[in-house]
Visitor: 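To start, I am sharing the structure in question, which I have written as structure tokens.
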Amino acid sequence: MSMVAVAWLAVQIAPADQAAVWTGLAVAAYTLPATLGAALFGRLVRRFSGAALVAIDASLRALALGTIAVLAVSDRLAPTGYVLLLAASSLLHAWGSSGTYTLIAEVLPDGDRIAGNSLVSTFNQAAIVVGPALAGIVTTFAGPGWVIGVDAASFAFLAVSCATAVARRGAATAPASSAPSSSPSSVAGWRIVFRQPRLLGLLAVTCVFFFLYGPVEVALPIYVAHDLSGSSVLLGAFWTAFGVGAIFGGLSAGLLRDRRLSTVVIGIIIGWGAALLPMALTHAVWAGLVGLAIGGLIYGPFTAICVALFQRTSPPHALSRVLATRTAITLPSTALGTLAGGPVVTAIGAQSTLLASALLTIALGAVIALARRATPSPSPPAPAPPAPAPPAPPAAASSRRSRANARGWIAKPRAFALDQRDLP
């Protein structure tokens with residue numbers, strides 16, 4: 001619901017000639033401060049279990065969004081105060097996001113984590129299906145302030161649920177969360193990521209991908225409100241179409257776990273850029289809805305597959321820190337793209353911004369594909385030279401050994417096969 005309400009409330013309370021700028025600031029404030037929170041609060045929360053991290057993030061969200069709802073309904077909400085409260089609500093979001101996937105790693109074995117990640121992603125996308133449509137209806141009849149109030153109540157319910165789960169698990173989560181650490185949490189997370197070139201490359205690609213997506217969150221509300229002369233209901237329908245596609249895409253993540261990761265990432269990036277073209281090139285509502293639905297289908301598996309790689313390669317006691325580092329790095333990319341989207345939409349218009357985002361995203365995928373093709377694949381290690389044959393034993397010794405073997409005094413050696421896991 002916040003996808004619609006946060007942007008629409010900014011459009012309503014901002015001056016008409018500054019709507020794009022304040023919309024960009026509001027959407028960015030809802031995510032960007034999570035990076036600051038990942039660095040500031042690491043020492044306080046690094047020993048928390050996954051459920052506890054989700055609980056404290058949801059509690060802060062409920063408090064800040066509840067304050068926004070009260071001020072908005074009473075017509076006392078100014079744009080500056082709105083942005084500041086949104087920023088406060090997102091301070092612990094990096095830890096809350098990492099807590100969700102840390103909890104999956106705590107309760108599921110490695111082989112089931114992609115399925116667990118895709119299930120979480122599917123539920124998130126299902127919320128996008130129902131949430132924006134419901135938010136559009138409630139906004140039309142009651143206003144966006146009430147929508148944010150409902151969102152705050154949902155976060156309060158999540159906080160209570162996770163706090164109850166933490167209390168029930170009790171000592172079961174204590175050993176995992178009290179693992180020793182010799183360095184600050186944020187530093188440890190960064191070190192682990194930088195030791196893994198594959199993770200570092202995936203993070204770099206994800207950051208650029210999310211940055212190019214950021215302007216879409218600013219351009220789409222302006223495109224609906226000004227270019228299409230639509231309402232919040234139509235904006236909710238666009239995000240619902242994306243969510244429906246993302247549900248089916250998320251459920252298919254398990255089918256892609258045996259595929260080459262780079263191929264999947266390239267296909268998702270290029271496919272998402274192409275899905276934006278119907279909105280960027282036409283004013284047909286049906287074309288934009290179909291494009292976003294296909295875009296959601298393509299994007300759906302992205303998070304589940306990427307997070308599974310982090311879960312597989314990170315030490316268990318440092319997993320929450322590594323995932324918080326991932327969130328702290330990737331969230332600013334979308335937020336910075338959103339901040340850049342405000343001035344860009346003001347300068348060239350919403351539809352032109354959508355076109356620029358689409359073309360640059362397709363170009364990003366093409367550049368990654370060319371770079372992968374140009375990079376030589378590592379050659380297999382050369383086989384080890386055969387060991388020299390042992391010298392032949394003297395004739396007398398050989399005769400005595402043969403008689404001993406015949407009588408069964410010397411056991412025959414068993415064959416030894418090198419297991420594939422022992423290979424470097």
Visitor: State, to 0.1 Å, how close Glu217 and Val27 come at their nearest heavy-atom pair, and which atoms those are.
Guide: OE1-CG1, 2.9 Å
Visitor: Kindly indicate whether the side chain of Ile68, heavy atoms from C-beta on, has any atom under 4.5 Å from the side chain of Leu9.
Guide: yes
Visitor: Okay, side chain of Thr139, backbone of Ala5: is any donor-acceptor separation there less than 3.5 Å?
Guide: no
Visitor: Quick one: OH on Tyr223 to CG on Leu234, what's the gap to the nearest 0.5 Å?
Guide: 9.0 Å
Visitor: Which atom names give the shortest non-hydrogen contact between Pro221 and Ala7, and what distance separates them?
Guide: CG-CB, 4.0 Å
Visitor: Could you check whether any side-chain heavy atom of Phe238 comes within less than 4.5 Å of a side-chain heavy atom of Leu289, counting everything from C-beta outward?
Guide: yes
Visitor: Answer whether the closest heavy-atom distance between the side chains of Leu277 and Thr282 falls below 4.5 Å.
Guide: no
Visitor: What's the verdict on side-chain contact (heavy atoms from CB on, under 4.5 Å) for Thr206 and Ser333, showing C-alpha distance, side-chain angles and the deciding distance?
Guide: CA-CA 8 Å; Thr206 303; Ser333 302; over 6 Å; no
Visitor: Step by step, would you call Gln12 with Trp22 a side-chain contact (heavy atoms from CB on, under 4.5 Å)?
Guide: CA-CA 10 Å; Gln12 284 193 347; Trp22 282 109; over 6 Å; no
Visitor: Can you tell me if Ser352 uses its side chain to pair, donor with acceptor, with the backbone of Gly349 under 3.5 Å?
Guide: no
Visitor: Would you say the side chain of Leu292 lies within less than 4.5 Å of the side chain of Leu220, judging by non-hydrogen atoms?
Guide: yes
Visitor: I'd like to know whether Ile266 forms a side-chain contact (heavy atoms from CB on, under 4.5 Å) with Ile270, so could you lay out the CA-CA distance, the side-chain angles of the two residues, the decisive distance to 0.1 Å, and finally the verdict.
Guide: CA-CA 6 Å; Ile266 291 170; Ile270 294 177; 3.9 Å; yes
Visitor: How far apart are the closest heavy atoms of Ala14 and Ala19, and which atoms are they?
Guide: CB-CA, 4.2 Å
Visitor: What's the spacing between Ser154 OG and Leu65 CG if we round to 0.5 Å?
Guide: 8.5 Å
Visitor: When rounded to the nearest 0.5 angstrom, what is the spacing between OG1 in Thr361 and CG in Leu212?
Guide: 4.5 Å
Visitor: How long is the span from the CZ atom in Phe155 to the CG atom in Leu63, to the nearest 0.5 Å?
Guide: 12.5 Å
Visitor: Are any side-chain N or O atoms of Ser357 and backbone N or O atoms of Leu354, one a donor and one an acceptor, separated by less than 3.5 Å?
Guide: no
Visitor: Can you check whether Ser90 reaches Arg61 side chain to side chain, under 4.5 Å on heavy atoms?
Guide: yes
Visitor: Given side-chain contact (heavy atoms from CB on, under 4.5 Å), test Leu71 with Leu85 step by step and report yes or no.
Guide: CA-CA 11 Å; Leu71 293 175; Leu85 285 170; 4.0 Å; yes
Visitor: Is there a side-chain contact between Val150 and Val138, using heavy atoms and a 4.5 Å cut-off?
Guide: no
Visitor: Decide if the gap between the ring center of Phe210 and the ring center of Tyr213 is smaller than 6.0 angstrom.
Guide: no
Visitor: List the atom of Leu339, the atom of Gly24, and the distance in Å for their closest heavy-atom pair.
Guide: CD2-O, 4.1 Å
Visitor: State the CG-CD1 distance between Leu228 and Ile222, to the nearest 0.5 angstrom.
Guide: 12.0 Å
Visitor: Which atom pair, heavy atoms only, marks the closest approach of Thr330 to Cys207?
Guide: CA-SG, 4.2 Å
Visitor: CG/Leu203 to CZ/Arg326 distance, rounded to the nearest 0.5 angstrom?
Guide: 7.0 Å
Visitor: Where is the tightest heavy-atom contact between Gly145 and Ala72, given as atom of each residue plus distance?
Guide: CA-CB, 3.8 Å
Visitor: Taking the side chain as every heavy atom from C-beta outward, state whether Tyr30 and His93 have any pair of such atoms under 4.5 Å apart.
Guide: no
Visitor: Please work out whether the ring planes of Phe209 and Tyr299 are parallel, tilted or perpendicular, with thresholds of 30° and 60°.
Guide: tilted
Visitor: Quick one: are Thr353 and Val218 in side-chain contact, heavy atoms under 4.5 Å?
Guide: no
